[in-house]
Amino acid sequence: MKIATWNVNSMRARADRVEAWMQKADVDVLAIQETKCKDENFPWEVFEHNGYDVAHFGFNQWNGVAIASRVGLKGVERTFADQPAFGKAGKEPVQEARAIAATCGDVRIWSLYVPNGRAREDEHMSYKLTWLNQLREHAESWITEDPQAQIVLAGDWNIAPQDSDVWDIDFFEKNQMTHVTAEERTAFNGFLDAGYADVVRPYTADPGIYTYWDYTNLRFPKREGMRIDFLLGSPAVAQRVQSAYVDKDERRGKGASDHTPVVAELS
DNA sequence: ATGGTGGTGGAACCA
C-alpha cells in the first residue's frame, strides 16, 4: 500500500500535474493540502477518471485539504475534535479547513495543513502551537487506547524539526525566521514522544533532501529548501514501511507546486 | 541581469 502526502498549492492550477503524478507514482492514497477551493470548484473528475474516491474539505481560497484513495474511503471526518479556531480581532473565530481524515484500506489517514506561524511573535504562531498541541493530545490517545492502531498523520507541518532540514540554519536564526524555533520543534517532537515515527526520514537521510522550496529568491535552483512535509506513522504502521522517497522531480519545470510529494510504501 | 514567485480574485493577502 503506497501512501503519499503533497501540498499542491491549488488543486485547480495543479490538476494536470496531480493527475500525471498519480499515474506515474501509482499511489493508493494521496493526502492533499492547500486545495485552495470550495467543493464546487474541486476537480473531482481528476480522481474519478483514475479510479480514486476522494473526499475534500474547503470553504474558500484559503487552506483546503483532501484525501484520494483507491483502496476505500470510509469514516470521513472534517476537523479534529476541539480543533482550535482562528479569528482576527473583532471577527468570529472559525475552525479552518486544515484537517480531514478517512480510513483507507486498514489505515486511518489524516491530511493535515498545519497553520503557518508567519513570524515568531505573531498571533498566528501561538495559534499554530495550540493547534498542534490539541492534535497531539488526540493522536496520543488514539494509540494509548489501541496500541495496534494503524494511523498516518500526513501533511505540511510547517516545521523543520532538525537543523539539517533547512539549507542554512544560521540564516534562519539570524533573520529570526519561523519553522525552526524551539517551541515549534517541541510541538513536533510531541508526536514522536507519543509514539509516532517519521517513516520517510530513514530512507531519505542524506543532507539536502527537502520537500519545499520557496518560489521567491531562486530557492530551488540554489538548492535552498526545507524539509517540512512528513508522514508520521503509528507504531503499527511504522513496522510495515518498506521504502520511502521524496519526489524532487515534481518541483521542476513550469507549473510546479512549491512542495514535492512525499511517499511511503507499506507492506 | 545587482534582479529573480505564484495562486486567488479582481485589491490585497497568503505563503
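Quick caveat: nothing in here was measured; it's all calculated off a predicted structure. Naming convention: chains lettered A, B, ... in sequence-line order (proteins, then strands); numbering from 1 in each chain.
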Is there a donor-acceptor contact under 3.5 Å linking the side chains of Glu34(A) and Asn7(A)?
yes
Nearest-0.5 Å distance, CG of residue Asp28(A) to CD of residue Glu265(A)
8.0 Å
When the ring centroid of Tyr113(A) is compared with that of Phe57(A), is the distance short of 6.0 Å?
no
For dG3(B) versus dG7(B), give the span between their C1' atoms, rounded off to a whole number of Å.
22 Å
Would you jot down, in residue-number order, the residues of residues 109-121 of chain A having a non-hydrogen atom under 4.0 Å from DNA chain B?
Tyr113(A), Asn116(A), Arg118(A)
Quick one: Gln61(A) CD to dA11(B) C1', roughly how many Å, whole number?
12 Å
Check the chi torsion on dG6(B) and let me know: syn if it falls within 90° of 0, anti if not.
anti
Modelled atom types, side-chain donor and acceptor of Asp156(A) and Tyr212(A), under 3.5 Å:
no
Interatomic distance at P, dG10(B) relative to dC14(B), whole Å
15 Å
Toss me the dot-bracket line for DNA chain B: Watson-Crick and G-U wobble, both under 3.5 Å, 5' to 3', using | for pairs to another strand and [ ] for crossers.
....((((...))))
Between dG9(B) and dA15(B), how far is it from one P atom to the other, in whole Å?
15 Å
Check: Met22(A) and Trp6(A) side chains under 4.5 Å, non-hydrogen atoms:
no
Using heavy atoms and a sub-4.0 Å distance, could you list which residues of residues 213-224 of chain A are near DNA chain B? By number, please.
Tyr215(A), Thr216(A), Leu218(A)
